[in-house]
Each structure stands twice: as structure tokens, then as C-alpha cells.
Protein chains: 2
Amino acid sequence: MQTHFTIDCVIYSFNEGKLQLLLTERNVYPYKDWWALPGFFAQKDEEMEDAVKRILYEHTGLKDIFMEQLGAFAGVKRHPEGRILTVAFSTIVKYEDVKSKIKPMTSYMRQAKWFAIDQLPDLAFDHAQIVQQSLQKLKHTINYSTAVYELLPEKFTLTQLQQVYEAILGKTLDKRNFRKKIANAGFLKELPEVQKGVSYRAARLYKFDKRKFQKQINAM
Amino acid sequence: MQTHFTIDCVIYSFNEGKLQLLLTERNVYPYKDWWALPGFFAQKDEEMEDAVKRILYEHTGLKDIFMEQLGAFAGVKRHPEGRILTVAFSTIVKYEDVKSKIKPMTSYMRQAKWFAIDQLPDLAFDHAQIVQQSLQKLKHTINYSTAVYELLPEKFTLTQLQQVYEAILGKTLDKRNFRKKIANAGFLKELPEVQKGVSYRAARLYKFDKRKFQKQINAM
DNA sequence: TTTAATAGTGTAAAAAATACACACTATATT
DNA sequence: AATATAGTGTGTATTTTTTACACTATTAAA
């Protein structure tokens, strides 16, 4: 038996202190004119991983980004053609890296746009549920993934890092406790540099040591 | 685009102090004579959830069991027909409930059999990877799911409960600390009964209070 | 009555998580 | 030069959670 097979992408970013989600405006039925997760049909003989990469590329211009699978969602008889199975993937990208590259590459969608996670429009299909589930997972795995560091420039301040955590968790954190925890984790490298161009005391810069992080993770 | 679509089931049970996995011996190519996870093609116009239920029923005789999705696994060009996408689900069933009901219901498989998790044979396709991933997830979610209680009779002793935990986690636990934790969790109900028919001090019986459990979970 | 087998119990120490407030510093403005 | 502004950076006490560890109690069978 065969089924229609699509990929949907939950693509996060971080801007203006908020977690952002990339959505596309559909130009075809069903759900014409609705906002939806970037997604397409996989092509014949295209491996799932390749399809994901392709769709991410077509929507963001990004390559070589790791996307994590969220799971399969069965089509709720949404198409006259029969069952549609979609596999959802998620990733996190730097806002600046993507900003200028986003443009509609097919006539199936009219535009692509970032939305703050707490100001999403109504979504097509069961996409609201997919986003919900993805966000839940992100909150749980935030401490065990490199995700947050994908959102920051190579050199960043602890305050910036904390803001990302807060945006994802949707709550404020205590500065001292946060720093204690981060220091304890031990995979940030303190740099001999500080912020430039700020009109207040310049903050120390740090960078993420992926090797040390992996060691910690493997030891669990 | 369409793809072949199968469901594979990771079905756990508990017997002789060990976590058990249900496998089927294939009677068709490819991987004829290999052991594999119980699985089939979904039928045309069959919803994914229904397919899962059907396959579980055909292999175990069980109905109305909740199965949790593990994820989609793309076919590694294993069939000449092209891509196969399988969605893996897992569940846990009581050994006694299933023991007698297991029998091959299709000619695609020769027999179904339980294997201790630490004594699995080589598996067909990428099933070893699926099992691996499923087990990992089970270890992580053991404290937040009702899974372990599915493995026990309605009334059980704390030692039995600990044995299930140990079988799943693959390590021994300290008796006093384990009991402290369980008592603390507060969703076990102490019964005014003890074990019968043992030739040593009879242990107190407990039962699982699903309502209290749900309350705790929701409060997180 | 003794033996064999498992049930059942407490406490101290260490580690982790939480709550909480103020002085410091770089810059811009007057 | 003085001052306002805005964000940086830090320590300690308390509570909670986790870990380590060993003996007495109960029952049935011999």
C-alpha cells in the first residue's frame, strides 16, 4: 500500500528577544491563503533526509543544517486524494543568516515570514498541533542539545544566552542561578574580550566549546 | 508523490525478571528466515492509528492498548520497489495476557516469539536501530509514564515493581532509596493485603492509582 | 526450634536547586 | 567635571534531592 508523503519543517530562530517561527502563506487549495509550516511532497525516489534538506534549502537558503525528527503525523483525510502522511522535522537557525534569503521559490506559496512564537496566526492542517509538540520537546531538550548555540553569534554574552533560554522556556530566569549553572556545566570558554559599542558597561564574551559539550553528553 | 508505508511495532513485556521483546520470524523475502519487529503494510485508506491497532491485534490478540509513536524511519532502499517508510510504535503488555494468544496470522511470518532484551538475535532491516532508539526512550520516560504498571498485575509488591525498573534500566537499584522515591511520588495505594503462597515473609501488596498519577504529571 | 528466604526500615552526607540585593563600570549628557 | 543611565557581575544561606549504607522482622518448611 502506498501513501502520499510530505515533509513539514518547524524552523525556529531568535530575534528581538523572542523565539520566532518561519511560516509560509499557501497559494493553493486546500487551505489557500492560510499560514502553514514550510513543507512539500517528497519526490519520487528521494530519501527522507534529502527531502528535508531540500525543503529547508528552498525556504531558507541554508545548507548542511541538522534537522531533528519530531515524528509522523497521519493525514486526517484532509485531501480528497486520500491519506497523507507527513513527517515533521525541526531545526534552529540564526536569524541574520536567513533573513535576506527567504523568498517564495514555488508558486505553491505566496510568501514566507517569521512570526513570534506567542503571536502565531491560525495554522493550516494540524500544524498548530505539530508546533505545540515541537515546542514542548524543545523545552525538554534545551539542556542537552546544541540548539541554543545555533541561535547565537560565535561570540556572545551570558545575558544573550540567558535571553535565548528565556525565549524558549517562556519564563524569566534568575541571573545568578543561571550563571552558576552555566559555569558548572563547563563547556563555555571565557574569551579575553568584551562587547564593543555599547553605551554601558561592556559584557564579557564567551564561546561554546562543542568538544567539551559532547564529552559531558556522552558521560550521561 | 507516494511511498510504501509500513508500521513496525516494538512490543515489550516482562517475564522471568527480564524485559522481553516480541519478534516474528519472516517467511518472505527480503530477509526471509530473519527475525524482525512485528510489522505490516498499512492498508489503503487505513488511518495510521488503525493500522497500528490492527497489527498489534494480529500479533498479540490484544485490543485497546495505547501505542506510542517512536518516529518515522525512511527505507534504506531495501526493496526493489523503491522507498519504504516505516513508522515505529511501541507499547508494553502483560506477559500473561498475551502468552497464549500469540500465533502467526499471516503466511508472511512463520512464528512469533519473545526474546529477552539482552539476548536478541540479529534483526532484519534497520530494526536493531529502531529497538535501540525505543529502549533509550523508554529509559528516559520510565518515570513519567504508566508503562511499568502495564507490566504488573493489578496488585503487586514493591519488590516486583523494583524488578521491572531494574529490567528496563538495565541496572540494579538500592532498595531503600527506591522505596523512598516511590513513597514520595505518592501514587501507589497500600492495600490491606499481603502476598499469598510464598514460603517466606509475605510482602505487602500495592496498587497503582492512575488518577493521582495523572494529577502529578499534569502539575509538571 | 532452627533454617532459609525475602520483607521492611532510618539516618547521615553530599550535591543540586532555589531565593535573594547591591556595588561596579562604561558611556552619553549636561 | 558631575551625573544619569543601563546593564554587568557577584556570594551566601536555605531547602530539596540524591546517594550510600546494614540490620531486624516475618513466614513457611524442614
Side-chain angles (χ1 to χ4, degrees), chain A residues 14 16-18 139-144 152-153 155-207 213 216-217 219-220, chain B residues 14 16-18 139-144 152-153 155-208 216-217 219-220:
Chain A
F14 180 69
E16 292 177 352
K18 289 197 169 173
K139 284 182 189 178
H140 275 107
T141 57
I142 185 172
N143 286 308
Y144 315 105
L152 293 166
K155 301 171 180 183
F156 52 85
T157 70
L158 294 181
T159 299
Q160 289 174 319
L161 180 61
Q162 184 173 345
Q163 282 166 349
V164 173
Y165 267 80
E166 292 180 342
I168 291 176
L169 296 177
K171 64 178 183 188
T172 58
L173 302 172
D174 179 87
K175 184 158 59 158
R176 278 166 297 186
N177 293 339
F178 179 76
R179 284 168 185 236
K180 210 183 305 175
K181 196 177 215 164
I182 290 294
N184 231 324
F187 44 73
L188 284 202
K189 191 170 175 185
E190 188 174 337
L191 298 175
E193 303 171 56
V194 293
Q195 253 179 331
K196 288 267 161 65
V198 289
S199 70
Y200 44 80
R201 176 175 174 181
R204 170 129 337 242
L205 292 171
Y206 291 80
K207 78 197 240 192
F213 177 81
Q216 314 266 330
I217 293 295
M220 298 185 7
Chain B
F14 180 70
E16 292 177 351
K18 288 196 169 173
K139 284 182 189 178
H140 274 108
T141 57
I142 185 172
N143 286 310
Y144 315 105
L152 293 166
K155 301 170 181 185
F156 52 85
T157 70
L158 294 181
T159 299
Q160 289 174 319
L161 180 61
Q162 184 174 344
Q163 282 166 351
V164 173
Y165 266 82
E166 290 179 343
I168 291 175
L169 296 176
K171 63 177 183 187
T172 59
L173 302 172
D174 178 87
K175 184 159 60 157
R176 278 168 296 186
N177 292 339
F178 179 76
R179 284 167 185 237
K180 209 184 308 172
K181 196 177 214 165
I182 291 294
N184 232 325
F187 43 74
L188 285 201
K189 191 173 177 182
E190 188 174 336
L191 299 175
E193 304 171 56
V194 294
Q195 251 178 332
K196 288 266 161 65
V198 289
S199 70
Y200 44 79
R201 176 176 176 181
R204 168 124 346 235
L205 291 172
Y206 290 80
K207 78 197 238 195
F208 177 58
Q216 315 266 331
I217 293 294
M220 298 183 8

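Quick note on labels: first sequence line is chain A, next is B, and so on, each numbered from 1.
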Legend entry - Exercise: identify the closest heavy-atom pair between R204(A) and V194(A): CA-CG1, 4.0 Å

So do the side chains of [X] and [Y] get within less than 4.5 Å of each other, counting heavy atoms only?
X	Y	answer
T159(A)	R179(A)	yes
T157(A)	Y206(A)	no
I168(A)	F14(A)	no

Which nucleotide in the set [options] lies at the smallest distance from any side-chain heavy atom of [X]?
X	options	value
N177(B)	dA13(D), dT27(C), dT19(D)	dT19(D)
R201(B)	dT19(D), dA25(D), dT8(D)	dA25(D)
S199(A)	dG11(D), dA12(C), dT27(C)	dT27(C)

Inset, instruction - Check every strand shown and say whether D174(A) touches a base, only sugar-phosphate, or nothing at a heavy-atom separation below 4.0 Å. - result: base

Inset, instruction - Using a heavy-atom cut-off of under 4.0 Å over every strand shown, decide if R179(A) touches base, sugar-phosphate, or nothing. - result: base

For the pair made of [atom1] in [X] and [atom2] in [N], what is the distance, rounded to whole Å?
X	N	atom1	atom2	value
K180(B)	dT11(C)	NZ	C1'	8 Å
R176(B)	dT18(D)	CZ	P	17 Å
N184(A)	dA15(C)	CG	P	12 Å
Y200(B)	dA30(D)	OH	P	15 Å
F178(B)	dT6(C)	CZ	P	18 Å
K196(B)	dT27(D)	NZ	P	12 Å
K175(B)	dT18(D)	NZ	P	21 Å
Q163(B)	dT6(C)	CD	C1'	11 Å

Legend entry - T159(B) vs dA7(C): side-chain N/O to OP1/OP2 distance below 4.0 Å: yes

Legend entry - Distance-only donor-acceptor test (3.5 Å): side chain K181(A), base dT18(C): no

Inset, instruction - Check for a donor-acceptor pair, side chain of Q195(A) on one end and backbone N or O of A203(A) on the other, with a separation under 3.5 Å. - result: yes

